[in-house]
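Below is one structure, written out as structure tokens; comments come after it.
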Amino acid sequence: MKELALEDSESYRRLLRINISTFEEHVALFSPRIERRKAIPAAERIALSLRYLVTGETQSSLSYQFRIAQNTISGIIPAVCAAIYHHLGSEIVPDSENEWKMIAEEFWAKWNFPLCLGAMDGQHIRIKPPISFRSNIQKLQGVFSNVLLALVDANL
């Protein structure tokens with residue numbers, strides 16, 4: 001991974017859906033919570049987890065890519081997700097009961113929708129697939145797509 005970051009930063013960003021500087025900030029922030037032994041560095045644990053989250057690849061596929069046993073991967077991903085939530089959850093999820101109530105009141109005032117905390121919708125987005133993933137994303141009708149899932153507050 002490090003070689004790719006040095007040689008081709010755009011490919012690195014496409015691979016993990018994050019730029020190098022942000023990735024390094026996250027490594028510094030999450031390392032204390034996820035680096036148990038030096039055998040698998042925190043940067044590799046985070047890269048593996050991001051790859052899993054952004055592509056939906058199977059853990060067995062990631063096992064071949066990262067050369068880490070699948071049973072180890074099944075422990076790494078939840079640990080990294082817990083670290084992300086621990087450090088960034090307060091920016092995403094309201095902390096207090098009052099904040100939740102304010103969100104519900106906003107939905108009621110703007111949309112006349114009581115006791116709502118968020119609106120979620122999904123959409124299949126047609127894509128031109130990468131050659132290596134054709135079998136993973138082809139639908140029954142022969143169309144290739146990714147699913148876009150969004151959760152918004154009353155202000156969209």
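Numbering of residues begins at 1 and proceeds along the displayed sequence. The structure displayed is predicted, hence computed values, not measured ones.
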What I'd like to find out is whether the side chain of I68 reaches to under 4.5 Å of the side chain of E44, using heavy atoms alone. yes
More than 12 heavy atoms of other residues, nucleotides or ligands under 6.0 Å from CG of L115: yes or no? no
Spacing of CG belonging to L48 relative to OG belonging to S63, to within rounding of 0.5 Å: 9.5 Å
Please report the interatomic distance CD1(I76) to SG(C81), rounded to the nearest 0.5 Å. 11.5 Å
Who are the side-chain contact (heavy atoms from CB on, under 4.5 Å) partners of A119, not counting sequence neighbours? F107, V152
Is a donor from one side chain sitting under 3.5 angstrom from an acceptor on the other, for T22 and N19? yes
Nearest non-hydrogen partners of R45 and V80, listed with the distance: O-CG2, 3.8 Å
For I73 and P78, which heavy atoms make the closest approach, and how far apart are they? O-CD, 4.4 Å
According to side-chain contact (heavy atoms from CB on, under 4.5 Å), who are the partners of F113, at least two apart in sequence or on a separate chain? W111, C116
All side-chain contact (heavy atoms from CB on, under 4.5 Å) counterparts of A150, not counting sequence neighbours: none
So which pairs with a foot in residues 70-94 pass ring-ring contact (aromatic ring centres under 6.0 Å, His included), sequence neighbours left out? F30-H87
Do you know the tightest heavy-atom contact between A28 and P32? O-CD, 3.8 Å
By ring-ring contact (aromatic ring centres under 6.0 Å, His included), which residues pair with Y52, not counting sequence neighbours? none
Nearest 0.5 Å, what's the CD-CZ distance between E57 and R51? 4.5 Å
Answer yes or no: is there a side-chain heavy-atom contact under 4.5 Å between S49 and I84? no
Walk me through whether Q59 and I77 qualify under side chain to side chain contact (heavy atoms under 4.5 Å, CB included). CA-CA 9 Å; Q59 291 180 6; I77 293 170; 4.0 Å; yes
Sort and list the pairs that fulfil salt bridge (charged side-chain N to carboxylate O under 4.0 Å, His left out) and have at least one residue in residues 99-125, not counting sequence neighbours. E97-K101
Tightest non-hydrogen contact, residues V27 and I46, listed as CA-CD1, 3.6 Å
Is the closest side-chain heavy-atom distance between I18 and H26 below 4.5 Å? yes
Determine whether L88 and I34 fall in the same hydrophobic cluster, where Ile, Leu, Val, Met, Phe, Trp and Tyr are linked whenever their side-chain heavy atoms lie under 4.5 Å apart. yes
